[in-house]
Number of protein chains: 2
Amino acid sequence: MNYMDLELGIWEIAVLALLREAPMHPYQMQRLLHLRHKDEILALKRGSLYHAIGRLVRGGLIGVEKTGREGKRPERTSYRITPEGTRAFLESLRTIVATPRREPSQCMAALSFLVHLNPKEACRLLAERGKNLDAEIAQHSTRLRGVSAHVARINLVESEYLLAMLKAESAWIRGLEKEIHQGKLVWDLKSILREAAASRKVASQGRK
Amino acid sequence: MNYMDLELGIWEIAVLALLREAPMHPYQMQRLLHLRHKDEILALKRGSLYHAIGRLVRGGLIGVEKTGREGKRPERTSYRITPEGTRAFLESLRTIVATPRREPSQCMAALSFLVHLNPKEACRLLAERGKNLDAEIAQHSTRLRGVSAHVARINLVESEYLLAMLKAESAWIRGLEKEIHQGKLVWDLKSILREAAASRKVASQGRK
DNA sequence: TATGATATAGTTCATATGAACTATATGGAT
DNA sequence: ATCCATATAGTTCATATGAACTATATCATA
């Protein structure tokens with residue numbers, strides 16, 4: 001297997017990045033990600049780490065450094081990054097920085113089917129989403145201010161990005177709510193369903 | 001099993017929404033989603049549709065309407081939504097509209113590890129991402145203008161949302177690129193790694 | 001000194017995902 | 001008359017995910 005074939009996921013990237021610093025064992029990776037608040041941001045689940053490590057070992061991107069125990073703790077396996085691992089990491093990182101990827105989001109799905117609610121209820125729920133977004137914004141802002149004293153800013157850009165995206169979503173959601181509230185965007189499920197019947201007819205006939 | 005226990009995914013939501021219009025078979029669902037351009041937006045893969053349908057049937061949210069064949073085509077199974085399905089759909093929809101969810105994104109992962117590139121290369125790659133984002137924006141804008149003549153606007157809000165988010169990302173990325181370019185945000189991997197050694201020490205010792 | 005909370009270090013397993021495959025039908029081009 | 005591209009309608013299978021579980025060690029507190 002060629003290491004180039006591996007499409008690196010977020011866990012793989014994170015593991016390679018940590019091992020570029022120094023060899024370490026999986027539990028230390030978890031602790032470091034937690035200390036650096038990367039675990040909240042990257043939404044990584046414990047269970048997936050060991051699978052990711054397994055894939056990286058099989059792909060030759062990392063190797064076992066040593067195994068051993070400290071005191072009477074269970075045995076730890078330390079890993080180190082290989083030269084291929086470093087190459088694959090940098091290449092993958094360059095690609096994901098330069099290439100935006102369409103990622104499915106719950107919010108898009110929700111909006112896709114907003115027509116199934118009546119405008120009044122949609123308004124209420126969008127307002128609630130707005131409030132929830134603002135609460136998250138406040139929370140992240142506070143945390144960011146707190147850590148920016150100790151941590152170099154380059155290590156916080158992803159939090160700045162998250163904040164910017166949350167603010168943009170909040171603004172957009174409020175705009176939509178306002179438009180519905182003011183009657184600039186109206187709909188009626190029943191008449192929409194009549195329209196839909198036409199497109200179903202086309203779809204059921206298949207291609208011409 | 002209670003239908004309330006089912007955490008509905010995007011495919012499940014989509015299937016239930018379509019079956020609220022009328023009973024239909026899986027292939028017609030695919031055609032309808034395609035006709036309405038929801039497949040691009042929702043990033044749904046063919047193979048997952050049948051699994052989602054299986055889950056919904058087992059959960060009692062949909063049921064078999066009839067099976068039959070047209071001409072010598074393979075047999076088709078039509079499904080209909082049940083009253084529980086309608087309830088679960090509306091409840092789930094209300095929840096995902098009102099509740100923003102943290103979703104892992106490639107971009108956040110990329111930014112998290114931007115420190116591993118040097119500032120000059122980071123600038124180049126961010127500029128490339130900006131260009132790619134703008135190309136996507138142009139493409140979606142064009143499509144949106146094209147279909148908005150035939151399609152009620154409520155059925156296009158998710159595209160408007162996507163466009164707004166892409167624009168926000170583009171603006172933010174360009175801002176970051178500019179800051180790095182102007183030397184307002186600087187870093188040096190080696191000195192960062194020295195800092196990191198301190199936190200690794202903390203992490204390797206575990207809790208106090 | 002007993003007790004509960006948390007840290008350490010993973011493994012297991014049910015379920016989810018999506019790429020690839022199967023198999024036939026139809027229409028248009030040659 | 002034949003061949004190819006595409007439409008129809010799914011199924012299969014390897015891999016990925018993440019919740020839950022195992023099992024011990026250490027520390028703080030009562």
Side-chain angles (χ1 to χ4, degrees), chain A residues 1 5-15 24-35 39 42-59 64-79 101-104 202-208, chain B residues 1 5-15 24-35 39 42-59 64-79 101-104 202-208:
Chain A
M1 173 174 39
D5 299 341
L6 280 173
E7 177 78 9
L8 298 178
I10 291 178
W11 256 122
E12 278 97 341
I13 300 274
V15 169
M24 66 182 77
H25 51 83
Y27 190 73
Q28 190 176 5
M29 296 177 197
Q30 291 173 53
R31 285 197 51 84
L32 273 177
L33 290 171
H34 185 70
L35 260 164
D39 54 343
L42 298 178
L44 304 171
K45 308 291 167 145
R46 281 171 55 64
S48 308
L49 169 59
Y50 298 93
H51 296 294
I53 287 176
R55 285 194 293 277
L56 290 170
V57 170
R58 283 194 299 279
V64 171
E65 165 81 1
K66 61 169 184 179
T67 69
R69 60 179 59 214
E70 258 172 67
K72 290 181 190 173
R73 298 273 181 204
E75 196 164 77
R76 286 162 161 171
T77 305
S78 285
Y79 298 89
R101 278 173 55 87
R102 166 100 24 275
E103 279 155 354
V202 173
S204 69
Q205 287 168 349
R207 114 195 126 112
K208 274 291 118 51
Chain B
M1 174 176 34
D5 300 339
L6 281 173
E7 176 78 5
L8 298 177
I10 291 178
W11 255 123
E12 277 97 340
I13 300 273
V15 168
M24 66 182 77
H25 51 83
Y27 191 72
Q28 191 177 3
M29 296 177 197
Q30 290 174 52
R31 284 196 53 81
L32 272 177
L33 290 171
H34 186 70
L35 260 163
D39 55 342
L42 299 178
L44 304 171
K45 308 289 166 146
R46 283 171 54 63
S48 309
L49 169 59
Y50 297 94
H51 296 295
I53 288 177
R55 285 194 292 277
L56 291 169
V57 169
R58 284 195 299 280
V64 171
E65 165 83 0
K66 63 169 183 179
T67 68
R69 61 178 61 214
E70 258 172 68
K72 290 180 190 174
R73 297 272 180 208
E75 195 164 76
R76 286 163 161 170
T77 305
S78 284
Y79 298 89
R101 278 173 55 87
R102 167 98 28 271
E103 280 156 354
V202 173
S204 69
Q205 288 169 347
R207 117 197 123 110
K208 277 290 117 54

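- Rounded to whole angstrom, the span from the CD atom of Glu103(B) across to the P atom of dG18(D) amounts to 12 Å.
- Across the protein-nucleic acid pair, Ile10(A) atom CD1 and dG18(D) atom C1' stand 15 Å apart, rounded to whole Å.
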Between the protein and nucleotides 19-22 of chain D, which nitrogen or oxygen pairs come in under 3.5 angstrom?
none

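- Protein atom CD1 of Ile53(A) is 11 Å distant from nucleotide atom C1' of dA9(C), rounded to whole Å.
- Note: His25(A) NE2 to Arg31(A) CZ = 9.5 Å, rounded to the nearest 0.5 Å.
- The distance from the CG atom of Leu49(B) to the CD atom of Glu12(B) is 10.0 Å, given to the nearest 0.5 Å.
- Taking CD1 from Ile53(A) and CE from Met29(A), the interatomic distance works out to 4.0 Å, rounded to the nearest 0.5 Å.
- The side chain to side chain contact (heavy atoms under 4.5 Å, CB included) test with Leu44(A) singles out one residue from Ile10(A), Asp39(A), Val15(A), and that residue is Ile10(A).
- Here dG18(D) presents its C1' atom at 16 Å from CG of Leu42(A), a figure rounded to the nearest Å.
- Within the model, atoms OH of Tyr50(A) and OG1 of Thr77(A) stand 9.5 Å from one another, a figure rounded to the nearest 0.5 Å.
- Straight-line distance from the OH atom of Tyr27(A) to the P atom of dA23(D): 19 Å, rounded to whole Å.
- Dashed line: the shortest gap from a side-chain N or O of Arg58(B) to OP1 or OP2 of dT15(C) is not under 4.0 Å.
- Residue Arg55(A) has its side chain nearest to dT17(D) when only dA9(D), dT8(C), dT17(D) are considered.
- The side chain of Arg31(B) has dT8(D) as its nearest neighbour among dG10(C), dT8(D), dT17(D).
- Note: OH (Tyr50(A)) to P (dC13(C)) measures 18 Å, nearest angstrom.
- Atom CG of Leu8(B) and atom CZ of Arg55(B) lie 9.5 Å apart (nearest 0.5 Å).
- Between the CG atom in Leu56(B) and the NE2 atom in His51(B) there is a gap of 13.0 Å [rounded to 0.5 Å].
- Atom pair Leu49(A):CG and dG18(D):P shows a separation of 13 Å (rounding to whole Å applied).
- The CZ-C1' distance, from Arg76(A) to dA9(C), rounds to 8 Å in whole Å.
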